[in-house]
Amino acid sequence: MADSGRQSFGLTAALGVVLLLLFVYRAEIAPIAADAVSVAGAPLGRVVDGWFADSLWLTQLAVILLAVVNVMVVMMIATRYMLYGVRSFKPVLFYLVAACGLVIPAAPVSVYLAGLLIVMGMTSLVSCFKRGFAPDTVFRGALLLGMAPLLLAQAAVYIVLVPLAVGIFLRSGRELVVGVVGALLPAAVCCYVWWWTGGGFLEPLQAMWTAVTGGERMPVGEWGIPRLVCMGLGVLAALFSAVTLISGKVMRYRSRKILTFIALAFLFGMGLFALPGPPAAAIPLVAAPFAILAPLWFMRRRTRFSTLFFAIYILSAAAANLWPLLG
């Protein structure tokens, strides 16, 4: 790993497959308390997870496929806009470790599907940068972000990305109105269908609010030392990259704007950890913006220290999942 930022796709893919299989195997053989998650307040989440409730292998296959698709979308954002100045496959490993290496929720399909909607919504909003009047692109991105809370209530925090994208990418006021309508439309349709079937009109929103604010916070000690080390290294990597972004004098204007948007998405996602309840819902949701932001420091500061840092990060994720199996 002389230069981990320029490692080949083959090596990255092989390592990613090994890590993903280890993470999924650990979640099945030795689940931990941090894997608990509730989709009780998400109407579509209950339906989706109900489809997979009686088939363990189908659930595991869905998790693997959704993780792969999420990685592809994350890599598309990073490579299409050349966010790091050079091409790198590092976001692949950052995403897999963040989304699957720390926790794999007990009802995982709706969580990773919500994460996919979020990263696809971010992709649409990013694509409207430096374009003419593009209400369709803004609406599509906002609609995807608005659909995510129907799968997992905690995803509602990402709706704030719509006005942020309008401001950062210098969109018009009309596009802001279109984006707000797109973000609120899924919840409005859900409330109408709920009322039409005999329930209260605001019952879905009340249930989602209860799911976000209810529950008990899990003690830090239950995470285990390897998992806490991995989380700490990930936060440090994101912090180093944020500092690099702020001081990035040689960065292109487009890359700086897009990474600023991604950094704010990561910041709002981290706010989910301040809410009560298990963190298994927050971690997969914040994984995509983290995986895009974190490699920046490594690509701009390709030193022995950064290479060693990345190696320890990957090894800590492997150790965090091997530890319960050996115990």
Side-chain angles (χ1 to χ4, degrees), residues 11-39 45 48-49 52-72 74 90-116 152 154 215 217-235 237 269 272-273 277-288 290-291 294 310-327:
L11 177 60
T12 303
L15 182 56
V17 169
V18 171
L19 289 174
L20 182 57
L21 293 178
L22 171 62
F23 300 155
V24 174
Y25 180 74
R26 192 280 309 161
E28 171 57 26
I29 300 301
I32 60 175
D35 290 334
V37 66
S38 173
V39 295
V48 170
D49 285 321
F52 296 88
D54 299 327
S55 180
L56 175 61
W57 72 268
L58 191 59
T59 299
Q60 294 174 334
L61 178 61
V63 169
I64 293 173
L65 290 178
L66 286 171
V68 171
V69 173
N70 275 306
V71 162
M72 294 173 61
V74 165
K90 197 177 291 294
V92 172
L93 299 180
F94 271 111
Y95 178 83
L96 292 178
V97 170
C100 307
L102 297 175
V103 296
I104 289 186
V109 180
S110 60
V111 177
Y112 290 105
L113 188 56
L116 177 60
L152 190 67
Q154 288 84 347
R217 195 181 307 276
M218 191 184 71
V220 175
E222 295 187 15
W223 282 87
I225 294 177
R227 191 166 275 101
L228 290 175
V229 170
C230 185
M231 290 181 64
L233 291 175
V235 172
L272 291 172
F273 291 95
I283 292 177
L285 294 184
V286 79
F290 165 76
F310 182 69
I312 295 175
Y313 177 68
I314 298 298
L315 289 174
S316 67
N321 286 270
L322 288 172
W323 188 274
L325 295 175
L326 299 176

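Worth knowing before you read on, the calculation uses all heavy atoms, side chains too, and leaves out hydrogens, waters and symmetry mates.
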Point-to-point distance, once rounded to the nearest 0.5 Å, from [atom1] of [X] to [atom2] of [Y]:
X: Thr12; Y: Leu96; atom1: OG1; atom2: CG; result: 10.5 Å
X: Ile225; Y: Ser316; atom1: CD1; atom2: OG; result: 13.0 Å
X: Leu113; Y: Leu65; atom1: CG; atom2: CG; result: 12.0 Å

Who passes side-chain hydrogen bond (donor to acceptor under 3.5 Å, both in side chains) against Tyr112, sequence neighbours left out? none
List the atom of [X], the atom of [Y], and the distance in Å for their closest heavy-atom pair.
X: Val69; Y: Leu116; answer: CG1-CD1, 3.7 Å
X: Ile283; Y: Ala98; answer: CG2-O, 2.9 Å
X: Asn321; Y: Gly101; answer: ND2-O, 2.8 Å
X: Leu66; Y: Val109; answer: CD1-O, 3.7 Å
X: Gln154; Y: Leu272; answer: O-CD2, 3.4 Å
X: Val74; Y: Ala291; answer: CG1-CB, 4.2 Å

Do the non-hydrogen side-chain atoms of [X] and [Y] ever get within less than 4.5 Å of each other?
X: Arg26; Y: Leu322; value: no
X: Ile314; Y: Leu19; value: yes
X: Leu20; Y: Val24; value: yes

Residue list, ring pair (Phe, Tyr, Trp, His ring centres under 6.0 Å) with Phe52, at least two apart or on another chain: none
For Phe94, which residues count as a ring pair (Phe, Tyr, Trp, His ring centres under 6.0 Å) partner, sequence neighbours excluded? Phe290, Phe298, Phe310, Tyr313
[X]: partners by side-chain contact (heavy atoms from CB on, under 4.5 Å), with sequence neighbours left out:
X: Ile312; result: Leu233, Leu308
X: Leu21; result: Val17, Ile64
X: Ala319; result: Pro226

